[in-house]
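Only one structure is covered here, and it is reproduced in the block below.
Note on naming: letters A, B, ... go to the chains in the order of the sequence lines (proteins, then strands), and numbering restarts at 1 for each one.
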Protein chains: 2
Amino acid sequence: MAKKIKPEDEVSTEEKIKEAARTVFMKKGFSATRTRDIAEEAGINLALLNYYFRSKEKLFELVMMEKFQAFFGVIFPILNDPSTSLEQKVELIADRYITLLTETPDLPIFILSEIRTNAERMVASVHLDKILVDSQFVKQLHQRRPDMHPVQLIMSILGLVVFPFLMRPLLMQAGNADTKMFTAMMNDRKQWIPKWFDSMLKVK
Amino acid sequence: MAKKIKPEDEVSTEEKIKEAARTVFMKKGFSATRTRDIAEEAGINLALLNYYFRSKEKLFELVMMEKFQAFFGVIFPILNDPSTSLEQKVELIADRYITLLTETPDLPIFILSEIRTNAERMVASVHLDKILVDSQFVKQLHQRRPDMHPVQLIMSILGLVVFPFLMRPLLMQAGNADTKMFTAMMNDRKQWIPKWFDSMLKVK
DNA sequence: GAATGTTTTAATCAAATGTTTAAATATTTT
DNA sequence: AAAATATTTAAACATTTGATTAAAACATTC
């Protein structure tokens with residue numbers, strides 16, 4: 001499949017479809033998305049979707065892997081870094097994750113929905129055990145608080161960071177926040193979460 | 001529509017369908033569920049679904065309202081009780097919510113997925129502002145920590161309680177837990193969350 | 001500029017899916 | 001028991017939807 005030579009500002013049909021697929025799949029999930037939705041969003045003929053990506057499923061897989069990478073790719077290197085302290089890791093997670101999710105707030109619900117319908121494949125592609133058992137973070141947690149299960153603490157830090165983005169549609173619809181205000185709250189949260197987590201680690 | 005007189009142990013067709021709908025909708029969500037899935041799960045003829053409930057959508061709405069009630073009904077009375085302290089409320093939420101969700105662990109992802117595709121209707125049926133602005137809990141939070149936005153703290157407590165159930169499929173698939181072990185962890189969590197939250201409130 | 005390869009389009013297909021129909025069966029009422 | 005009403009069934013219907021096809025339009029190569 002040779003590439004056409006096109007002006008720099010032109011976006012290839014393939015990329016238009018991929019971008020439309022990102023948008024629609026992210027918003028509605030796999031089952032609720034029609035190939036025609038994607039074609040319309042991309043402004044292309046329906047048949048081109050199959051021409052470039054063979055099938056709806058293949059296209060979805062592409063988007064999913066990309067998003068999965070975005071979601072877990074941020075956290076892995078931070079948790080495994082042997083040169084940072086526990087406190088620094090928490091600070092980094094809060095900061096990097098909130099920054100990422102502020103840009104793509106639909107990411108968590110997309111990932112979690114997909115896990116619900118396809119836990120096996122998801123787990124195969126993420127090596128969760130590397131986080132939950134072997135990571136530097138787990139070792140540091142265990143050393144600090146042998147009486148708290150590291151998984152408990154990982155669920156806590158992730159819950160503190162991610163859960164607000166799951167509540168976001170509810171908050172915004174309830175009129176208690178607009179996009180700007182929500183972003184401001186999440187930025188505020190970047191500072192609170194490390195403080196909160198440190199105090200949790202000191203609980204008697 | 002007169003009721004048939006049937007032996008006590010017989011379950012009515014209507015209830016069989018409703019129960020099957022609960023099961024399938026909860027597991028797969030609205031779009032991924034086929035009416036034939038529900039009919040099969042209920043062990044009834046496909047046409048009976050429309051005979052008793054008019055449409056897939058009407059049946060879904062019924063299930064959804066029920067689950068919504070379960071999810072928010074637990075939290076409302078606790079947060080609005082003027083006779084309990086901040087600490088008692090947190091303890092109650094952790095205990096009651098974890099108990100509820102241990103019985104129906106798919107509830108959170110179901111609710112959140114539905115909110116994603118239908119935030120307006122959801123918000124109309126929950127009076128979220130009653131929690132986020134007017135509740136006793138918010139007043140107590142504000143009195144204790146005027147420098148922390150109450151919504152921040154509500155997101156935190158809910159995140160600590162609910163998020164593990166969203167990660168459950170991932171944890172269990174990763175082989176780091178079976179049902180029994182997960183339940184044990186969540187029971188453990190009933191005691192940690194109040195301690196954690198109290199320490200968060202004391203952060204400098 | 002003819003030949004060749006690539007991209008796009010309109011039309012169509014086949015399967016899936018929510019729903020309806022009409023006849024059969026069971027139950028209740030008179 | 002007969003009539004009326006309610007429930008159940010098998011079949012079919014009408015759309016929707018993912019995918020394909022065949023030809024046209026376009027671009028590139030020789």
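- Across the protein-nucleic acid pair, A:Tyr52 atom OH and D:dA19 atom P stand 18 Å apart, rounded to whole Å.
- Atom OH in B:Tyr51 sits roughly 17 Å away from atom P in C:dA23 (whole-Å rounding).
- Side-chain contact, B:Thr33 with B:Lys28: no donor N or O sits under 3.5 Å from an acceptor N or O.
- Counting to the nearest Å, the C1' atom of C:dT17 and the CG atom of B:Leu46 are 9 Å from each other.
- Distance alone, capped at 3.5 Å, is enough to place a donor-acceptor pair between the A:Ser199 side chain and the A:Trp196 backbone.
- For A:Thr13, the listed nucleotide lying nearest its side chain is C:dT8; candidates were D:dA12, C:dT8, D:dA19.
- Closest to the side chain of B:Asn45, from the set D:dA10, C:dA10, D:dT17, is D:dA10.
- Between A:Phe25 and A:Phe30, the two ring planes are parallel [angle under 30°; tilted spans 30° to 60°].
- Between B:Thr35 and C:dT19, a side-chain N or O to OP1/OP2 separation shorter than 4.0 Å is absent.
- Among the protein residues, B:Thr33 comes within range of the sugar-phosphate backbone only, with heavy atoms under 4.0 Å from sugar or phosphate atoms but none that close to a base.
- Spacing between atom CG of B:Asn50 and atom C1' of D:dT8 amounts to 14 Å, rounded to whole angstrom units.
- Rounding to whole angstrom units, CD of residue B:Glu10 and P of D:dT7 are separated by 15 Å.
- Taking atom CZ of A:Arg34 as the reference point, atom P of C:dA16 lies 16 Å away to the nearest angstrom.
- Checked against side-chain hydrogen bond (donor to acceptor under 3.5 Å, both in side chains), A:Gln152 has the following partners two or more places apart in sequence or in another chain: B:Arg189.
- Across the protein-nucleic acid pair, B:Ile44 atom CD1 and C:dA26 atom C1' stand 17 Å apart, rounded to whole Å.
- Here the C1' atom of nucleotide D:dT8 and the CD atom of B:Glu14 are 14 Å apart, to the nearest Å.
- Considering only side-chain atoms of A:Lys56, the nucleotide from D:dA19, D:dT9, D:dT21 that sits closest is D:dA19.
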